[in-house]
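Quick notes on the structure that follows.
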Amino acid sequence: MESQRKNNLSTLFIDKEAVFALLLCQEGLLAPVSHLMNEKEMIEVDNTGLFEGQSFPFSFILAPAGKRNEEVMKSSKKGDEIALICENQLCGKLIVDSAFKINKQERLFKIMSGDIYSKKAQHLYNRLGNYALCGEYTLYLQSEIFAFRDRATKQAIAQFKKTNDAQGVTAMVLDASPITRIHERIFRFILEENHLLVLLLLRRQNEGLLDFYIRKICLEFVIDNYLPKHCIVIFPLDDIYLFAGAHGIILDAILAQNLGCDRIAIGENYPDLVIYYDNQKIYSIFDMTKDIKIKVKLLSEFVYCNQCNTIVSPKTCPHGKHYHIDYHSGFLQGILQAGLIPPTILVRKEVSAKVLSYLFPKRFSPLIQQFGAMFASNGVIEEQDDEDFYLKLINIYQTRSLS
């Protein structure tokens, strides 16, 4: 690899967003797109929004930024072998078919659906080059770049459908920061009408307070203990530039369809859904697509009603909004970031304990050492950690006096 680095004209430096976009294509999850598009295909797709007769919102090309990359692409010839480098690791190779100039501004406008002034748009513009390269490529999946990738999900879904004669497989894009009681209610609602639920768990390039690891741990815990776990599959979905604009929701549907799902569940308040009414009928961005066969299930908003004492839809609850408690992830994250335990009507105590012990490791070690015996059960003193401490503390909060 050192010789490849020295020979700049045989090396292309790409970021993780480009790598994971290439991976989705290589794994067949962007079908009918199966390769990097050439200039003719790029122009046709960007003008028509179609590829091989199916809706595809914008062209699939490789156009990394950087002066060195531009030199490589401008000087490359058909048949040249280009090494793909990401974060100083060799992650693949590309056999050049052609190189061509692109209009960065037009591509930005296309991907972002016109929203070119947001932070996401600025990030995308900075990573776009002036040239694109197409040709056959191969990714080296043994590279550390692809650690923790779940390549078996597609096969697992196909096997489940075959074994169980599954009639309904629904996908749902999920952040779960953190996983709440509302999420559980939605999962159960979906599984009442479907045999399998595929959760596309977002993995962001720049994670916030709760990173992918802890979100996945908590989600798996809830699924394993409170839901029919054999009916739920988690698929890590990298939140890359392809999904940045309003058209990203179309790519979600294409990806879900290629995973083997026949439905995708989306909240009515999803920011990029673009719902509108005409002649008393609801329409969405999906009504303008062609040959995307996946069905769209719109999910109502859910809240906790203090009068009903349960989770309800505002559409069917007879009580006013002042009785409703919203499950806003920003609010819950604020509570957790302050080191506090969210109310158990919002988040399960076990989830809160896992998150807080992850955010504040060894926080209660001195207290546990000094007062751990306070929480001994049945007279047996057990070894405890911070997660146990939080759980037992929550149980004490819930204890009521009989007098």
Exercise for the section: Drop me the distance from I85's CD1 to L90's CG, to the nearest 0.5 angstrom. Expected result: 4.5 Å
Problem - Donor-acceptor contact below 3.5 Å, side chain N103 vs main chain Q105 - result: yes
Practice task
Could you tell me whether the side chain of K104 and the main chain of L128 form a donor-acceptor pair under 3.5 Å?
Solution key: yes
Handout entry: Heavy-atom check, side chain of Q26 versus side chain of S34, under 4.5 Å
Key = no
Problem - With sequence neighbours excluded, residues passing salt bridge (charged side-chain N to carboxylate O under 4.0 Å, His left out) with D15 - result: R127
Practice task
Flag the pair Q333 / S177 as yes when at least one side-chain heavy-atom distance between them is below 4.5 Å, and no otherwise.
Solution key: yes
Practice task
Report yes or no: does D326 contribute a side-chain atom to a donor-acceptor pair with the main-chain N or O of H328 at less than 3.5 Å?
Solution key: no
Exercise for the section: Quick one: list whatever passes side chain to side chain contact (heavy atoms under 4.5 Å, CB included) with K295, sequence neighbours left out. Expected result: R263
Exercise for the section: For residues E350 and R348, determine if any side-chain heavy atom of one lies less than 4.5 Å from a side-chain heavy atom of the other. Expected result: yes
Problem - side chain to side chain contact (heavy atoms under 4.5 Å, CB included), paired with S76, selected from L94, L133, L12, D97 - result: L133
Problem - Polar side-chain atom of E41 near backbone of N38 as donor-acceptor pair, under 3.5 Å - result: yes
Problem - Contact check, side chains of V198 and I157, non-hydrogen atoms, under 4.5 Å - result: yes
Handout entry: Test item: D386 side-chain N/O and P361 main-chain N/O as donor-acceptor pair under 3.5 Å
Key = no
Practice task
Can you establish whether the number of heavy atoms outside K101 located under 6.0 Å from its atom NZ is more than 12?
Solution key: yes
Handout entry: Partner set under side chain to side chain contact (heavy atoms under 4.5 Å, CB included) for E207, not counting sequence neighbours
Key = R203, R204, D211, F212, R215
Practice task
Please work out which of the three classes, parallel, tilted or perpendicular, describes the rings of Y213 and Y358, given edges at 30° and 60°.
Solution key: tilted
Exercise for the section: Please step through side-chain hydrogen bond (donor to acceptor under 3.5 Å, both in side chains) for the pair N194 and T170, ending with a clear verdict. Expected result: CA-CA 7 Å; N194 295 268; T170 291; 2.8 Å; yes
Handout entry: Y140 side chain reached by C91 side chain, heavy atoms, under 4.5 Å
Key = no
Practice task
Answer with yes or no whether the side chains of Q159 and T163 bring together a donor and an acceptor at under 3.5 Å.
Solution key: yes
Practice task
Work out which heavy atom in I102 is nearest to a heavy atom in A63; give both atom names and the distance.
Solution key: CD1-CB, 3.7 Å
Handout entry: Ring-face cation of K93 near Y137 (centre distance under 6.0 Å, axis angle within 45°)
Key = no
Handout entry: D46 side chain to S59 side chain, donor-acceptor N/O pair below 3.5 angstrom
Key = yes
Fill in the blank from the handout: Here the gap from D80 atom CG to S75 atom OG, rounded to the nearest 0.5 Å, amounts to 8.0 Å
Problem - Any side-chain heavy-atom pair of T11 and V72 under 4.5 Å - result: no
Exercise for the section: Not counting sequence neighbours, which residues clear side chain to side chain contact (heavy atoms under 4.5 Å, CB included) with L359? List them please. Expected result: L209, L210, L336, V355
Handout entry: C25 side chain near H35 side chain, heavy-atom distance below 4.5 Å
Key = no
Problem - Over 12 foreign heavy atoms within 6.0 Å of CZ, F221 - result: yes
Handout entry: Closest heavy-atom pair and its distance - I254, A31
Key = CG2-O, 3.5 Å
Exercise for the section: Applying side chain to side chain contact (heavy atoms under 4.5 Å, CB included), name anything that partners A353, two or more places apart in sequence or on another chain. Expected result: E387, Y390, L391
Problem - Steps toward side chain to side chain contact (heavy atoms under 4.5 Å, CB included) verdict (M73, N130) - result: CA-CA 10 Å; M73 290 186 283; N130 296 305; over 6 Å; no
Problem - Heavy-atom closest pair, residues L108 and A121 - result: CD1-O, 3.3 Å
Problem - Distance-minimising heavy-atom pair for S300 and K315 - result: OG-NZ, 4.0 Å
Handout entry: Passing option when N258 is tested against L29, I294, L24 for side chain to side chain contact (heavy atoms under 4.5 Å, CB included)
Key = L29
Practice task
Using a strict 4.0 Å threshold on nitrogen-to-oxygen distance, state whether R188 and E184 make a salt bridge.
Solution key: yes
Exercise for the section: Could you tell me which residues satisfy salt bridge (charged side-chain N to carboxylate O under 4.0 Å, His left out) with K216, sequence neighbours excluded, listed by chain and number? Expected result: E220
Problem - Heavy atoms of other groups near N47 CG, more than 12 under 6.0 Å - result: yes
Exercise for the section: Could you tell me which non-hydrogen atom of K120 sits nearest to which non-hydrogen atom of M112, and how far apart they are? Expected result: CB-CE, 4.0 Å
Handout entry: Residues, nucleotides or ligands: over 12 heavy atoms within 6.0 Å of E193 CD
Key = yes
Practice task
Establish, from distance only, whether the side-chain atoms of H324 and Q307 form a donor-acceptor pair under 3.5 Å.
Solution key: no
Problem - Pairwise side-chain contact, L332 with T180, heavy-atom cut-off 4.5 Å (strictly under) - result: yes
